[in-house]
**Q** 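One structure coming up, written as structure tokens, with questions to follow.
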Amino acid sequence: MSKDIILRRTAKELEPDSFVNLGIGLPTGVAAYVSPENGIFFHSENGLVGLGAKPAPGLEDPSLTDAGGGFASAVPGAMSIDSNLSFGLVRGGHLAVTVLGGLQVDETGRLANWIVPGKMVPGMGGAMDLVACANRVIVAMQHTAKGAPKIVPKCTLPLTADRRVDLIITDMAVIRPTDAGLVLEERAPGVTVDQIVEATAATLIIKGVVPEMDLAA
Amino acid sequence: MSKDIILRRTAKELEPDSFVNLGIGLPTGVAAYVSPENGIFFHSENGLVGLGAKPAPGLEDPSLTDAGGGFASAVPGAMSIDSNLSFGLVRGGHLAVTVLGGLQVDETGRLANWIVPGKMVPGMGGAMDLVACANRVIVAMQHTAKGAPKIVPKCTLPLTADRRVDLIITDMAVIRPTDAGLVLEERAPGVTVDQIVEATAATLIIKGVVPEMDLAA
Amino acid sequence: MKHPISPEEAVAGIPDGASIMIGGFLRCGRPQRLIEALLASGKKNLTIISNDTGFAGEGIGALISSGQVARVVASHIGTNPDTQKGLIEKTMQVDLVPQGTLVEQIRAKGHGLGGVLTKTGLGTIVADEAEVLTLNGEQWLYAPPLTADFGFVYADRADMVGNLAYTLTELNFNPAIAMAADTVFAEARVIVPVGAITPDDVRTPGIVIDHLIARA
Amino acid sequence: MKHPISPEEAVAGIPDGASIMIGGFLRCGRPQRLIEALLASGKKNLTIISNDTGFAGEGIGALISSGQVARVVASHIGTNPDTQKGLIEKTMQVDLVPQGTLVEQIRAKGHGLGGVLTKTGLGTIVADEAEVLTLNGEQWLYAPPLTADFGFVYADRADMVGNLAYTLTELNFNPAIAMAADTVFAEARVIVPVGAITPDDVRTPGIVIDHLIARA
């Protein structure tokens with residue numbers, strides 16, 4: 001349910017005909033909330049422009065996988081790319097948006113999402129290229145992890161990039177990092193501003209009435 | 001006739017199954033002296049691995065040209081390459097030999113072949129990449145230009161690369177640049193050592209009897 | 001999906017003084033209709049970045065002859081005496097760049113890299129105007145990324161998404177330019193339905209193409 | 001023309017301590033028969049350069065589990081707890097590199113370039129161990145070319161010249177590795193007659209491939 005809110009709200013951020021990367025894990029789910037007719041091409045950093053839905057049973061092809069290693073499909077107009085072109089598209093500013101999960105985001109809008117030193121060391125994969133170079137970075141994540149706030153005054157985990165992300169979308173809120181700090185822009189349905197402040201370790205800027213997310217398709 | 005000597009002698013330098021670039025102009029003619037069975041692939045820096053002979057009349061295709069802009073053909077096993085890969089192959093040390101024309105070669109084996117400042121300014125095209133980076137550089141040229149020596153003590157024209165070429169093949173001689181200087185290795189049929197020395201402004205190192213070129217196919 | 005436009009519409013938005021990267025190698029793989037429209041438009045003070053400047057009075061050569069070009073960045077102008085004359089008589093700025101460096105500078109821009117580190121040109125007059133960096137004890141010539149306001153590319157096939165497939169020696173500078181220029185126009189031999197170019201055959205993704213040129 | 005060899009013959013010449021680049025992304029486009037032969041050979045103290053280390057006990061993961069690998073250079077080891085354990089407990093050297101930088105470092109070697117200049121990693125711990133260069137007033141992280149003694153690549157089709165064609169997401173690191181490693185072994189789904197892969201479909205020229213692996 002809470003995941004559904006994140007995916008639904010994030011899908012509304014994606015513009016028709018744009019080129020979008022969805023990170024492994026939760027962000028991948030955003031694609032299911034995007035109509036195929038709106039012409040968005042999804043980037044799969046392992047080697048495809050035009051990633052489609054999971055293939056139906058029996059149609060899996062080991063030659064066509066996504067960045068998580070799962071079976072994938074390609075939309076009409078898709079293109080096979082090698083890793084050099086894949087990251088050329090990312091670094092060269094051709095990617096409109098990347099949606100990534102997060103471990104921490106801080107008051108300056110910096111994201112940490114690739115390592116917990118000594119504990120969880122998966123490596124950065126494509127995340128550093130994506131966060132440093134995509135035109136727009138959206139962090140889509142649960143507001144807290146086991147009850148602990150993930151939006152903190154200052155990241156204690158190693159940063160993914162020295163770049164302010166553009167938007168944070170959680171199961172509780174939409175928050176926009178700005179020069180002045182983190183602005184609380186929207187509440188999830190049924191969630192109060194107090195509850196959000198309670199679940200957030202960082203200071204939030206709250207201007208007037210905070211509207212509820214519009215989740216209509 | 002003198003051109004035929006250069007081409008025939010140069011062809012003998014090319015090893016079977018190797019990857020070879022022939023410069024525009026005289027060097028291009030070397031290909032006609034190489035048997036298709038020996039498996040050499042010719043590089044055309046504009047975009048082909050596996051350049052073949054000039055197409056027969058009626059078979060010209062504007063989509064397939066050589067670096068001089070002329071109609072070309074592709075051998076079986078050829079590959080279309082973009083200019084990035086074309087020069088990646090050159091710079092990356094994948095090219096066994098390049099054969100290029102020369103305006104001047106000097107006692108240190110340096111080549112000048114791309115500009116006569118204020119007079120002839122065609123640009124370096126791919127020549128600088130080829131001379132700087134090919135595993136082996138052969139200069140194939142007439143020994144003199146309008147009677148004036150082209151093998152000189154020191155190049156007065158701007159250099160193509162700061163690299164000693166590996167062999168100089170002319171209509172009069174085969175000369176090998178070495179640490180000690182230019183070694184006269186072979187004479188063209190009917191040409192005397194005195195005639196070569198006369199036509200060369202640079203000092204030549206002559207050790208014992210200088211044999212005649214073997215031009216048998 | 002793209003809405004194909006005419007070459008005339010494409011060049012209409014190009015201001016005097018613009019920089020334009022043009023794909024092709026001499027006559028091969030050159031976006032000829034776009035070049036002709038640019039010639040007819042009379043746009044002036046252009047900077048042309050291209051492997052070569054074609055032949056006198058033809059293609060890019062016609063733009064040189066007509067005096068529309070203030071600056072050329074190319075690797076080879078030997079086929080065009082007008083460009084050579086412009087360089088010698090200083091009526092035009094002509095920057096000669098080694099071919100492998102030039103196309104890699106274009107790629108660097110398109111791929112978001114900070115430039116090119118090459119051995120090519122070291123110890124020559126090319127290095128006199130460049131920065132030479134010593135990295136891990138080795139010398140490299142540094143060439144910065146090359147930018148352009150517009151890019152003209154030619155492909156064998158395009159689909160309505162803007163995906164491009166090339167054939168034989170028509171590739172040359174086209175894929176690099178398609179990634180690098182700010183606004184890219186793609187002229188193709190044919191426009192085919194989406195899906196008619198397989199994912200493996202596409203070499204330039206439609207998402208980097210701004211406008212497709214309609215069939216003649 | 002190549003004379004195809006078996007995977008066992010291919011790995012026989014690899015000494016203990018060798019560095020090997022391996023193409024593929026998790027299970028996709030991975031030269032599985034070469035990896036299995038390397039596992040069976042028992043070669044030790046290997047350096048493996050690859051996007052990832054696969055899954056525990058499978059493919060590259062099996063090489064990790066067997067203790068044959070002394071050093072890993074990869075962008076993502078999240079699918080293999082053994083590699084993560086090796087890093088945390090310092091039983092293995094594991095160098096984590098951003099994916100785009102890693103594949104570009106491999107390309108730099110194969111293309112004779114002096115390294116990579118990227119924004120990726122600036123202001124992170126990746127920059128602590130790298131050189132940061134200021135060029136024309138802008139900061140770039142410098143990553144040197146990556147070399148390896150051997151390269152294992154996978155392709156969909158090979159011809160007897162060694163030309164390779166890839167399909168879908170099997171490309172990944174394979175074309176870059178084919179250009180970069182000193183000795184390259186190519187394993188393909190099928191080997192087809194020369195000419196059966198059109199010039200436009202070849203992505204890796206046979207001249208950079210040292211040995212083709214014979215059909216199973």
Side-chain angles (χ1 to χ4, degrees), chain A residues 14-21 35-52 55 61 63-66 72-98 126 128-135 161 163, chain C residues 1-3 21 103-116 145-148 151 155 157-166 171 174-184 186 188 191-212:
Chain A
L14 308 184
E15 305 207 359
D17 294 318
S18 65
F19 184 41
V20 173
N21 177 285
S35 160
E37 276 106 67
N38 76 355
I40 288 179
F41 275 83
F42 289 107
H43 174 251
S44 195
E45 67 256 40
N46 60 309
L48 200 74
V49 175
L51 184 71
D61 179 347
S63 306
L64 181 53
T65 59
D66 61 24
S73 73
V75 302
M79 171 184 184
S80 316
I81 49 178
D82 65 16
S83 299
N84 294 96
L85 184 52
S86 181
F87 284 90
L89 287 167
V90 173
R91 278 189 317 258
H94 306 287
L95 199 64
V97 184
T98 186
M128 282 196 174
D129 293 284
L130 287 161
V131 177
C133 306
N135 288 321
R163 177 246 181 89
Chain C
M1 288 294 175
K2 304 282 190 287
H3 301 278
M21 289 176 177
V103 77
E104 203 65 16
Q105 286 180 277
I106 296 170
R107 179 184 187 272
K109 170 59 172 57
H111 285 240
L113 297 168
V116 184
L146 258 184
T147 312
R157 286 153 287 150
D159 66 22
M160 292 293 277
V161 163
N163 287 319
L164 305 181
Y166 306 88
L171 281 159
N174 285 303
I177 291 173
M179 293 281 290
D182 290 346
T183 298
V184 178
I191 299 179
V192 299
V194 172
I197 310 176
T198 74
D200 292 344
D201 287 347
V202 180
R203 290 293 182 104
T204 294
I207 54 115
V208 303
I209 301 299
D210 295 281
H211 298 284
L212 267 187

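Residue numbers begin at 1 in each chain, while the letters A, B, ... track the order of the sequences. The structure presented is a predicted model; accordingly, all values stated were derived computationally and were not measured.
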**Q** Leu48(A), Val75(A), Asn84(A): which one forms the most heavy-atom pairs within less than 4.5 Å of chain C?
**A** Asn84(A)
**Q** May I ask you to name which of Pro76(A), Ala78(A), Gly50(A) has the most heavy-atom pairs under 4.5 Å with chain C?
**A** Ala78(A)
**Q** How many angstroms lie between CZ in Arg203(C) and CD1 in Ile81(A), if you round to the nearest 0.5 Å?
**A** 13.5 Å
**Q** Between Val208(C), Thr198(C), Asp201(C), Ile197(C), who has the most heavy-atom pairs with chain A when the cutoff is under 4.5 Å?
**A** Val208(C)
**Q** How many angstroms lie between CG in Asn163(C) and CZ in Phe41(A), if you round to the nearest 0.5 Å?
**A** 6.0 Å
**Q** Under a 4.5 Å heavy-atom cutoff, which of Val194(C), Ile207(C), Val161(C) has the most pairs with chain A?
**A** Ile207(C)
**Q** Output yes when a side-chain donor or acceptor of His94(A) lies under 3.5 Å from a complementary backbone atom of Met179(C), and no otherwise.
**A** yes
**Q** What are the two closest heavy atoms between Gly77(A) and Asp159(C), and how far apart are they?
**A** CA-OD2, 4.3 Å
**Q** Do you know which of Leu95(A), Asp17(A), Leu85(A) has the most heavy-atom pairs under 4.5 Å to chain C?
**A** Leu85(A)
**Q** Please round to the nearest 0.5 Å and tell me the distance separating atom CG of Leu164(C) and atom CE of Met79(A).
**A** 9.0 Å
